[in-house]
*Asks:* 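This is the structure I have questions about; it appears just below.
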Amino acid sequence: MTHHTPKTMGQQFGRRSWAEPWKIKMVERLRMTTREEREKALAEAGLNTFLLKSDEVYIDLLTDSGTSAMSDEQWAGMMLGDEAYAGSRNFYHLEEALRKYYGYKYVVPTHQGRGAEHLISQIAIKKGQYVPGNMYFTTTRLHQELAGGIFVDVILDEAHDPGSLHPFKGNIDLAKLEALIAREGAEKIAYVSLAGTVNMAGGQPVSMENVRELRALCDRHGIKLYLDATRMVENAFFIQEREEGYAKKSIAEILKEFCGFTDGAWMSAKKDNLVNIGGWLAVNDWTLFEELRNLVVVYEGLHTYGGLAGRDMEAMAIGIAESVEDAHIRSRIGQVRYLGELLTDWGIPIVQPVGGHAIFLNAREFYPQLKQVEFPAQTLAAELYLDSGIRSMERGIASAGRDAKTGDHYYPKLELTRLTIPRRVYTQAHMDVVAESVKAVFDARGTTRGLKMIYEPKYLRFFQARFERLAG
Ligand code: P71
């Protein structure tokens, strides 16, 4: 018998191991299912992972949104909820945290990110204006369009290439933006919509240099610059790691410097900010703030709670401080990267470089036999669930929706299946199980058939669409 020497993960990678800066006080038990149970559950869900019951899921990588584990201090904060209708002390705590870490002057809480997107879009966009941005996000673009705006993608070309190793694939291509301004005129631009670690591009960051130059460009033309800060803390980590001059700066310092180049931000606090529900808008301009806090009372709630309970705002204020700690973000992104390193080493096609919140499997390369209208990424999500009970999310043609003018599908270059890692929830052993399941599905890829959509809702169709397997 050959003797096998066990090695820690760190040893296998030739480095000292790192571990999470927390320990586990309470656990949530998981339910395992049989293949038969999964076949049945998936058929009932119309082969759409959004329609599965979470009890039917083993490892849930649908999203990192609202799925993080709160700390004991955040839970203690929940008991300090001041549920006054007006002027809750938790709102002032939240405002203080946002001023301290993000640096904006005025804050409007919202129930989640899209609530904030709705308000800023309604106020800052005039019908027919353009909204250039670094790749679209589904809810962001929808609210911009509902406000009469026309979204224009001005991200670097590299962002659309899953193989490009550009360190800042989230950057805005300033020449594309200049060309749009030259063609349409600055007054036709509502604002520039900049996102930190671009979700649909694979969690790819924006460099400090890019936002600095973008600010200068916007100033030259008198154009406002608003930030989708949803995963901006993760973006700060990549700047610290990859951009010259930032290695010795803290995540908190980098975050604040970056936000300082923008006129305001909207946020889904369900991601970086480590809460299960919440969002906010923050701006530096008083007049804009007055408009926003007036509109928030129409759609969300009074401007000191915006659709949240006092306790939610307290948990958010505490979560913000925890989220900018260097050790937290290093282990958070380290875990995502660990899964990415395994898959890369095994030759499985994923978007490179690995981003902040998720691994994006390149479904086109899994299934070259499928046309894009046969939903390769949706197919891959279905196969993964069947194999192991892991839930992932389609980020391809189903998510992209239809062109309102022509009625045809949008055909995004990226046809991806996202394995999104919740913060502080799963262990390294869970990542191993995920990696092995992806490999099993990859190894069986040759015989996999595609899907057709048999029910298509009007808005954000991917949430509720139903599919059927194509006959072989
Ligand atoms: C994610 C989500 C949640 C989601 C939203 C839509 C379809 C599927 C899943 C939400 C974001 C986001 C960015 C960059 C704004 C929102 C909306 N992401 N900007 O990735 O990633 O925030 O969900 O709190 O309303 O799973 P909201």
Side-chain angles (χ1 to χ4, degrees), residues 48-52 54 60-68 109-121 131 133-146 151 153 155 159 170 193-206 226-235 264-282 299-300 306-308 312 316 319 336 351 355-360 377-378 381 391-401 412 414 416-423 425 457 459-465:
N48 184 349
T49 51
F50 276 108
L51 299 177
L52 289 166
S54 78
D60 200 347
L61 307 185
L62 185 69
T63 177
D64 63 331
S65 182
T67 54
S68 299
T110 61
H111 78 283
Q112 64 182 80
R114 69 199 73 177
E117 288 169 342
H118 172 217
L119 301 179
I120 187 95
S121 303
V131 189
N134 52 346
M135 203 175 264
Y136 82 103
F137 185 72
T138 52
T139 56
T140 316
R141 186 180 66 191
L142 177 62
H143 280 295
Q144 290 166 349
E145 288 173 351
L146 289 173
F151 176 80
D153 185 8
I155 202 167
S193 175
L194 176 72
T197 55
V198 181
N199 193 353
M200 302 297 275
Q204 304 296 334
V206 178
Y226 297 120
L227 175 70
D228 182 337
T230 298
R231 297 184 185 82
M232 192 55 225
V233 180
E234 292 173 0
N235 198 113
W266 69 87
M267 179 76 180
S268 170
K270 304 170 71 171
K271 283 79 164 178
D272 270 356
N273 290 171
L274 299 166
V275 286
N276 302 122
I277 193 73
W280 47 262
L281 265 169
Y299 293 104
E300 305 273 313
L308 296 168
D312 298 326
M316 209 193 306
V336 176
V351 173
H357 66 305
I359 300 297
F360 289 74
Q378 192 79 41
R391 171 153 68 173
S392 57
M393 187 191 288
E394 196 267 3
R395 297 278 76 168
I397 188 169
S399 293
L414 298 177
L416 308 173
T417 304
R418 187 179 74 173
L419 302 166
T420 339
I421 315 300
R423 297 165 187 78
V425 171
Y459 299 111
L460 303 174
R461 63 182 186 180
F462 53 91
F463 281 128
Q464 290 140 351

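Quick caveat: nothing in here was measured; it's all calculated off a predicted structure. In each ligand, atom 1 is the first atom listed, and ligand 1 is the first ligand listed.
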*Asks:* Considering distance alone, does some N or O of Arg114 sit under 3.5 Å from an N or O of ligand 1?
*Replies:*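 Yes, since at least one N or O of Arg114 sits under 3.5 Å from an N or O of ligand 1.
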*Asks:* Relative to ligand 1, is Lys270 under 4.0 angstrom through side chain, backbone, both or neither, heavy atoms considered?
*Replies:*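 The side chain, only.
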*Asks:* If you measure every N/O of Met393 against every N/O of ligand 1, is any gap under 3.5 Å?
*Replies:*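 No: no nitrogen or oxygen of Met393 is under 3.5 Å from one in ligand 1.
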*Asks:* With atom 4 (C) of ligand 1 as the reference point, say which of Phe462, Phe50, Phe137 has the nearest heavy atom.
*Replies:*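 It is Phe137 whose heavy atom sits nearest to atom 4 (C) of ligand 1.
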*Asks:* Return the set of residues passing side chain to side chain contact (heavy atoms under 4.5 Å, CB included) with Thr230 (not counting sequence neighbours), or none when no residue passes.
*Replies:*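 Thr230 satisfies side chain to side chain contact (heavy atoms under 4.5 Å, CB included) with Asp228, Ser268, Lys271 only.
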*Asks:* Glu234: what forms a side chain to side chain contact (heavy atoms under 4.5 Å, CB included) with it, not counting sequence neighbours?
*Replies:*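 For Glu234 the side chain to side chain contact (heavy atoms under 4.5 Å, CB included) partners, ignoring immediate neighbours, are Thr197, Arg231, Asp272, Ile329, Arg332, Ile333, His357, Arg423.
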*Asks:* Short list, please: which atoms of ligand 1 are under 4.0 Å from a heavy atom of Thr139?
*Replies:*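 With Thr139 as reference, the close atoms of ligand 1 come out as 6 (C), 15 (C), 16 (C), 17 (C).
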*Asks:* Can you tell me which residue and heavy atom of the protein come closest to atom 27 (P) of ligand 1, and the distance to 0.1 Å?
*Replies:*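 Going atom by atom, the protein heavy atom closest to atom 27 (P) of ligand 1 ends up being Gln112 NE2, 3.2 Å.
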*Asks:* May I ask you to list the atoms of ligand 1 that are less than 4.0 angstrom from any heavy atom of Phe463?
*Replies:*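 That gives atoms 6 (C), 7 (C), 8 (C) of ligand 1.
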*Asks:* Looking only at N/O atoms, are Asp228 and ligand 1 under 3.5 Å apart anywhere?
*Replies:*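 There is such a contact, yes.
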*Asks:* Could you tell me whether Arg418 approaches ligand 1 through its side chain, its backbone, both or neither, with non-hydrogen atoms closer than 4.0 Å?
*Replies:*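 Within the 4.0 Å criterion, Arg418 contacts ligand 1 through side-chain atoms alone.
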*Asks:* Considering heavy atoms of the protein only, find what lies nearest to atom 15 (C) of ligand 1 and give residue, atom and distance to 0.1 Å.
*Replies:*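 For atom 15 (C) of ligand 1, the nearest protein heavy atom is Glu117 OE2, 3.0 Å.
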*Asks:* At what distance is the nearest protein heavy atom to atom 24 (O) of ligand 1, and which residue and atom is it?
*Replies:*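 Nearest neighbour among protein heavy atoms for atom 24 (O) of ligand 1, to 0.1 Å: Ser268 OG, 2.6 Å.
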*Asks:* Give the residue, atom name and distance (to 0.1 Å) of the protein heavy atom nearest atom 18 (N) of ligand 1.
*Replies:*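 Here the nearest protein heavy atom works out to Lys271 NZ, 3.0 Å.
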*Asks:* I'd like the name of whichever of Thr230, Asp64, Asn199 reaches closest to atom 21 (O) of ligand 1 through any heavy atom.
*Replies:*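 Looking at heavy atoms only, the winner is Asn199.
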*Asks:* Counting only heavy atoms, which portion of His357 has something under 4.0 Å from ligand 1: side chain, backbone, both, or neither?
*Replies:*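 Neither; no heavy atom under 4.0 Å.
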*Asks:* Polar contacts were defined as any N/O atom of the residue lying under 3.5 Å from an N/O atom of the ligand; does this apply to Trp266 and ligand 1?
*Replies:*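 No; every N/O pair is 3.5 Å or more apart.
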*Asks:* Which label fits Tyr136 and Phe151: parallel for a plane angle under 30°, tilted from 30 to 60°, or perpendicular past 60°?
*Replies:*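 Rings of Tyr136 and Phe151: perpendicular, over 60°.
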